[in-house]
Trainee: 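Following this message is one structure expressed as structure tokens.
The chains referred to below are lettered A, B, ... by the order of the sequence lines, with proteins before strands, and numbering in each begins at 1. The figures that follow rest on heavy atoms only: side chains count, while hydrogens, waters and symmetry mates do not.
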There are 2 protein chains.
Amino acid sequence: MAKLDFSPIADTTRRAEIVALLRRAILTGQLEPGQKLNELRISEQMRVSRAPLREAMRELVQEGILTSIPYAGTFVIDVTAKDIDDAYSLNKVLDEFAIERTWPLRDQRFFDEIDRRHAAVKQATRELDTTRQIETALQLHGLIHEWADNSVLLETWQRLASRLQMYFALHQRARNEPVPAEDAHETYVQLLQGSDMRAAQRHAKEHIDLDFEELLAYARGLEERGSKGAGADRSGRPEGG
Amino acid sequence: MAKLDFSPIADTTRRAEIVALLRRAILTGQLEPGQKLNELRISEQMRVSRAPLREAMRELVQEGILTSIPYAGTFVIDVTAKDIDDAYSLNKVLDEFAIERTWPLRDQRFFDEIDRRHAAVKQATRELDTTRQIETALQLHGLIHEWADNSVLLETWQRLASRLQMYFALHQRARNEPVPAEDAHETYVQLLQGSDMRAAQRHAKEHIDLDFEELLAYARGLEERGSKGAGADRSGRPEGG
DNA sequence: CACAAGCAGATTGTCGACAATCTAACAAGA
DNA sequence: TCTTGTTAGATTGTCGACAATCTGCTTGTG
């Protein structure tokens with residue numbers, strides 16, 4: 001009998017679709033940091049009741065991209081330079097661990113998959129689809145976490161990747177400039193397919209540091225501008241759109 | 001003007017209380033792995049409607065200790081030996097990172113706090129309160145993650161700690177035997193207060209490996225037993241008024 | 001006996017309405 | 001002017017009921 005890998009049935013609940021819609025809106029920057037999510041308005045726009053919408057929002061709160069204050073509202077998380085710094089420094093540690101665990105598990109399927117994802121990044125870059133470029137780049141980087149055969153690591157990475165996607169998207173929206181060169185990940189891919197694990201780990205750190213510097217610059221700009229109202233002070237209430 | 005640090009007002013929503021109740025029930029093992037959570041029954045027992053209960057369950061799903069299948073139900077996560085292995089290997093990495101970041105930030109308040117938490121563990125041990133012992137031990141270990149000044153790391157640790165607490169609780173319930181010696185964490189505490197960071201990191205790994213071996217043995221037993229009737233324990237509870 | 005179709009009960013998903021709470025504007029008094 | 005009390009409006013939190021879906025049993029047929 002042929003071995004067929006059926007993909008899971010699509011989630012057929014409104015809640016799941018709402019989660020996907022909201023997440024996309026947040027991660028692409030359509031919903032800005034600090035912005036309040038009005039339940040009534042969103043539920044009317046989506047033509048659903050508030051119940052599944054609220055459940056979806058609870059999920060995204062736990063996912064770390066929304067924050068909720070009882071009787072006040074649910075808001076898109078604020079992005080500070082420190083948040084970005086924290087996320088990146090942890091990401092380095094996770095990358096190093098993921099490479100170490102993935103290394104002995106690499107096989108032909110791994111090499112094929114990394115090429116496939118790399119190609120996806122390059123295509124998105126050629127098409128100047130910045131949103132998709134960020135998405136595919138993160139999927140490329142996520143491969144080592146998927147391959148490491150550690151469910152907790154994968155889960156952790158996915159949470160982190162959400163934030164990184166948001167940070168990059170905000171960065172891109174802020175400075176509406178062309179994206180990095182097409183071969184930005186060339187060395188990374190080659191090292192992952194090579195035989196020097198330490199070199200791959202080292203490059204992962206350095207490679208990340210590059211984009212990181214740009215992001216930090218953006219974040220610092222954010223904080224200077226935001227110094228009038230919102231900020232580290234959690235009591236600050238962001239005004240709705 | 002005197003500088004008073006008011007603690008945040010307690011969450012006064014039913015949802016928050018339900019989350020706390022359910023989490024406690026799961027982490028102490030009162031709700032067993034694989035068990036199904038019947039919304040109607042629980043909502044009646046808690047005297048709340050299903051809406052806040054469902055929202056609470058959504059949070060716990062994202063927190064990783066419940067799992068949901070649309071139109072089928074929400075279940076306490078299953079615990080496999082691999083899950084425990086995964087959690088622990090990642091925990092080692094996080095510990096090493098946390099110690100590195102915490103190290104230069106240690107001050108008198110840190111030393112006081114570590115003593116305080118250590119004392120709490122010892123007291124729980126003396127009182128033979130195993131549940132509280134697990135809780136306090138995890139809080140002791142959590143200090144380096146709280147002190148590392150990295151919100152993403154802390155968040156990650158807290159998710160991990162939830163699972164660890166659940167694993168330990170299950171382990172304790174399975175073998176109803178006395179808890180480890182009172183001075184189990186003595187060396188750990190001393191090293192964190194000392195001056196050799198590498199030694200502290202090394203010990204964190206080894207110290208963890210100890211409990212880990214016991215947990216793995218427990219988990220392997222679980223899987224052998226679970227092979228015949230894994231999953232929902234349909235214990236028909238006597239419907240008391 | 002094996003097996004597919006269909007029905008009944010239970011459970012989850014969703015809806016619309018009501019209650020609790022917060023915010024902002026305004027008036028009264030020192 | 002500043003503070004305090006009050007009120008109206010808007011928004012979030014919660015409830016009870018209905019719709020959609022799943023599960024297990026029964027029934028009929030070969």
Side-chain angles (χ1 to χ4, degrees), chain A residues 6 8-22 31 34-62 66-77 229-230 233-241, chain B residues 1 6 8-22 31 34-62 66-77 229-240:
Chain A
F6 286 106
I9 291 286
D11 284 339
T12 51
T13 65
R14 299 207 195 306
R15 179 182 71 240
E17 293 189 35
I18 297 171
V19 166
L21 275 177
L22 283 181
L31 283 171
Q35 188 171 347
K36 177 174 177 178
L37 277 67
N38 186 308
E39 297 178 2
L40 197 55
R41 180 155 55 212
I42 295 179
S43 68
E44 284 171 352
Q45 288 179 355
M46 291 188 179
R47 306 289 179 83
V48 296
S49 72
R50 285 173 56 221
L53 171 63
R54 284 173 58 86
E55 291 185 15
M57 287 165 71
R58 255 8 98 194
E59 289 192 21
L60 295 176
V61 166
Q62 282 307 105
L66 288 182
T67 176
S68 166
I69 304 175
Y71 289 106
T74 304
F75 309 84
V76 179
I77 59 168
D233 179 21
R234 294 292 175 214
S235 67
R237 290 171 297 283
E239 46 248 0
Chain B
M1 191 187 293
F6 287 106
I9 291 286
D11 285 340
T12 51
T13 63
R14 300 208 194 312
R15 181 183 69 238
E17 293 191 35
I18 297 171
V19 165
L21 274 177
L22 282 181
L31 283 171
Q35 188 172 347
K36 178 174 176 177
L37 277 67
N38 186 308
E39 296 178 3
L40 196 56
R41 180 156 55 211
I42 295 178
S43 67
E44 284 171 351
Q45 288 178 355
M46 291 188 179
R47 307 288 180 81
V48 296
S49 73
R50 285 173 54 223
L53 171 63
R54 283 173 58 87
E55 291 185 14
M57 286 165 71
R58 260 3 104 197
E59 290 191 21
L60 295 176
V61 165
Q62 281 309 105
L66 288 182
T67 175
S68 166
I69 303 175
Y71 289 107
T74 305
F75 308 83
V76 179
I77 58 168
D233 177 10
R234 274 186 161 272
S235 57
R237 285 224 172 265
E239 317 288 331

Trainee: Specify the separation, in whole Å, of atom CG of A:Leu37 and atom P of D:dA10.
Mentor: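 Taking atom P of D:dA10 as the reference, CG of A:Leu37 is at 20 Å.
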Trainee: Of all the choices, D:dG13, C:dT14, D:dT21, which nucleotide is nearest to the side chain of A:Arg54 once you look at every atom?
Mentor: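 Shortest atom-to-atom distance from the side chain points to D:dG13.
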Trainee: Could you state the atom-to-atom distance from CG of B:Leu40 to P of C:dG9 in whole Å?
Mentor: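 Whole-Å distance recorded here is 17 Å.
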Trainee: Can you name the closest pair of heavy atoms from B:Thr13 and A:Pro70 and give their distance?
Mentor: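 Looking at all heavy atoms of both residues, the closest pair is CG2-CB, 3.8 Å.
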Trainee: Which nucleotide wins on minimum distance to the side chain of B:Arg58, given the candidates C:dT14, C:dA20, C:dG13?
Mentor: C:dG13
Trainee: Just checking A:Leu53: base, sugar-phosphate only, or nothing, at a heavy-atom cut-off of under 4.0 Å?
Mentor: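 Nothing, no nucleic acid heavy atom in range.
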Trainee: Compare side-chain N and O positions of B:Ser49 against OP1 and OP2 of D:dC15 and report whether any pair is under 4.0 Å apart.
Mentor: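 So the side chain of B:Ser49 is within the cut-off, an N or O lying under 4.0 Å from OP1 or OP2 of D:dC15.
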Trainee: I'd like to know if the side chain of A:Lys36 and the backbone of A:Val76 have a donor-acceptor N/O pair within less than 3.5 Å.
Mentor: no
Trainee: What is the distance from CD of B:Glu39 to P of D:dG16, rounded to the nearest Å?
Mentor: 15 Å
Trainee: Which nucleotide sits closest to the side chain of B:Glu55: D:dT12, D:dT14, C:dT11?
Mentor: D:dT14
Trainee: Mind calculating the distance between CD (A:Glu44) and P (C:dG16) to the nearest angstrom?
Mentor: 11 Å
Trainee: Look up atom OG in A:Ser68 and atom CZ in A:Arg58, then write down how far apart they are to the nearest 0.5 Å.
Mentor: 4.5 Å
Trainee: Can you tell me the distance, in whole Å, between the CD atom of A:Glu59 and the P atom of C:dG13?
Mentor: 11 Å
Trainee: Rounded to the nearest Å, what distance is computed from the CG atom of residue A:Leu66 to the P atom of nucleotide D:dT12?
Mentor: 13 Å
Trainee: Answer with base, sugar-phosphate or nothing: what part of the nucleic acid does A:Arg15 contact at a heavy-atom distance below 4.0 Å?
Mentor: sugar-phosphate
Trainee: Would you kindly give the CZ-to-P distance between B:Arg14 and D:dT14, to the nearest whole Å?
Mentor: 6 Å
Trainee: Let me know, please, whether A:Ala72 or B:Gly73 comes out on the 5' side of the other along DNA chain C by nearest nucleotide.
Mentor: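 Its nucleotide being nearer the 5' end, the pick is B:Gly73.
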Trainee: Please pick, from D:dA20, D:dT12, D:dC15, the nucleotide with the shortest atom-to-atom distance to any side-chain atom of A:Lys36.
Mentor: D:dT12
Trainee: Nearest to the B:Arg50 side chain among C:dC15, D:dT11, D:dA17, which nucleotide is it?
Mentor: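 Nucleotide nearest to B:Arg50's side chain: D:dA17.
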Trainee: Going through the checks in order, is the side-chain contact (heavy atoms from CB on, under 4.5 Å) test met by B:Arg15 and B:Glu59?
Mentor: CA-CA 10 Å; B:Arg15 181 183 69 238; B:Glu59 290 191 21; 3.3 Å; yes
Trainee: What is the minimum heavy-atom distance between A:Glu39 and A:Arg54, and which atoms define it?
Mentor: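 For A:Glu39 and A:Arg54, the tightest heavy-atom pair comes out as OE2-NH1, 2.9 Å.
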Trainee: Which one, D:dC22, D:dC15, C:dC15, comes nearest to the side chain of B:Pro52?
Mentor: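 When the side chain of B:Pro52 is considered, D:dC15 is the closest of D:dC22, D:dC15, C:dC15.
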Trainee: Rounded to the Å, how far apart are A:Met46 CE and C:dT14 C1'?
Mentor: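 In whole Å, C:dT14 C1' and A:Met46 CE are 15 Å from each other.
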